[in-house]
Amino acid sequence: MFFMCSTIKTTTMKTYIINPETNKAVSIDAWKKEENPARAELVALELNDGADYLIIRKTPSDKQMTFPDAQEYAAGVQIMGRPARCATRKESIDLYDARFLAQLDEAMELIDGRRIAYRFWTCEKDVDPDFANLAWSSDGSVGCCNYELMCVGLMALPLLLLPARFVPIREDEAVFQEPLP
């Protein structure tokens, strides 16, 4: 029996490219017109009808890491001046849904030359003390989270969840404002 973990949302999801020169969120179609679209480092995924944004960094390498190494690596990555982290289980499901509902694959291919990593660590360990050596990973090809031994090598996908601080200027563009300290 196959169990699909992803749940398609009835709310809308939108994906933007963050222009590195202006910190403006630009639509994918508008960013395609740029001379060098690969210079962007960040993709913003609008969630919860605009209440939150997942800011996803360009995949820095294909290096396989253990769970502790992936957490340390992600924390060392800066996104908009803040330390990143690996996705939660829920966020990894949102990332899967966004591949089909919000052009996430297209956005990542535009700036990174490849789709989002298929197998990556989340930031969550198993809470059952009998399974203290297990942590959750995400399988982006089927939208499911799996248990993995923490010593297994998977990719790290640095990201940051921010509350909505995008103020629309036009339908295809928004301005990022720093959150309050």
Side-chain angles (χ1 to χ4, degrees), residues 6 8-63 70 73-88 90-123 138-141 143 154-180:
S6 175
I8 300 298
K9 300 180 179 317
T10 56
T11 59
T12 59
M13 301 172 101
K14 294 179 186 170
T15 302
Y16 301 95
I17 308 291
I18 304 293
N19 183 325
E21 287 87 31
T22 65
N23 258 358
K24 288 184 179 179
V26 180
S27 72
I28 295 170
D29 289 336
W31 194 249
K32 284 180 185 177
K33 297 172 187 169
E34 290 289 320
E35 186 175 317
N36 180 13
R39 75 180 189 281
E41 295 283 324
L42 303 173
V43 167
L45 175 61
E46 178 184 301
L47 299 173
N48 306 322
D49 291 327
D52 299 305
Y53 289 83
L54 269 182
I55 311 298
I56 307 156
R57 188 172 186 273
K58 192 186 277 194
T59 307
S61 75
D62 289 326
K63 182 180 178 187
Y73 172 79
V77 172
Q78 293 286 308
I79 295 179
M80 296 183 163
R82 290 161 184 80
R85 60 170 172 76
C86 291
T88 65
K90 182 193 177 310
E91 290 166 349
S92 71
I93 299 302
D94 287 336
L95 291 170
Y96 173 81
D97 290 348
R99 291 183 57 219
F100 305 101
L101 298 177
Q103 298 176 293
L104 182 59
D105 278 350
E106 185 177 353
M108 293 304 286
E109 285 176 345
L110 190 60
I111 71 165
D112 202 13
R114 56 188 161 177
R115 295 177 179 181
I116 201 161
Y118 281 112
R119 303 251 354 256
F120 57 89
W121 285 113
T122 70
C123 61
S138 179
D139 187 340
S141 61
L154 297 176
M155 291 183 67
L157 181 66
L159 56 75
L160 185 64
L161 180 68
L162 295 174
R165 300 288 189 245
F166 283 86
V167 179
I169 294 174
R170 296 192 313 257
E171 183 176 320
D172 68 339
E173 200 169 81
V175 174
F176 180 78
Q177 295 180 342
E178 293 293 317
L180 299 172

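The basis for the numbers below is simple: all heavy atoms, side chains too, and nothing from hydrogens, waters or symmetry mates.
In this structure, the side chains of Ser138 and Tyr96 stay at 4.5 Å or more apart for every pair of heavy atoms. Contact check for Leu95 versus Ile56: side-chain heavy atoms found under the 4.5 Å cut-off. Two residues are said to be in side-chain contact when any heavy atoms from C-beta on lie closer than 4.5 Å; Arg119 and Met155 fail this criterion.
Atom NZ of Lys58 and atom CD1 of Ile79 lie 13.0 Å apart (nearest 0.5 Å). The structure places CG of Leu54 at 11.5 Å from CD of Glu46, a figure rounded to the nearest 0.5 Å. Distance CG/Asp94 to CG/Leu101: 10.0 Å, rounded to 0.5 Å. For the atom pair CE (Met80) and CG (Leu160), the distance works out to 8.5 Å, reported to the nearest 0.5 Å. Taking CG of Leu157 as the start and CH2 of Trp121 as the end, the distance is 14.0 Å to the nearest 0.5 Å.
The only option from Ile18, Ile55, Leu104 that meets the side-chain contact (heavy atoms from CB on, under 4.5 Å) definition with Val43 turns out to be Leu104.
With sequence neighbours left out, the side chain to side chain donor-acceptor pair (under 3.5 Å) criterion links Glu34 to Arg39. Take Ala40 and apply the side-chain contact (heavy atoms from CB on, under 4.5 Å) test, not counting sequence neighbours, and it matches Ile17, Pro20, Trp31, Ile111. Applying the side chain to side chain donor-acceptor pair (under 3.5 Å) test to Glu109 and every residue at least two apart in sequence or in another chain returns Arg115. Checked against side-chain contact (heavy atoms from CB on, under 4.5 Å), Ala74 has the following partners two or more places apart in sequence or in another chain: Cys86. Here Glu106 pairs with Ile28, Lys32, Gln103 under the side-chain contact (heavy atoms from CB on, under 4.5 Å) rule; sequence neighbours left out. Listed by chain and residue number, Arg85 satisfy the salt bridge (charged side-chain N to carboxylate O under 4.0 Å, His left out) test with Glu91 (two or more places apart in sequence, or in another chain).
At a threshold of 4.0 Å, the pair Asp105-Arg99 counts as salt-bridged, since one of the basic side-chain nitrogens sits closer than that to a carboxylate oxygen.
Although no hydrogens or angles enter the test, the distance criterion places a donor-acceptor pair under 3.5 Å between the side chain of Asn19 and the main chain of Glu21.
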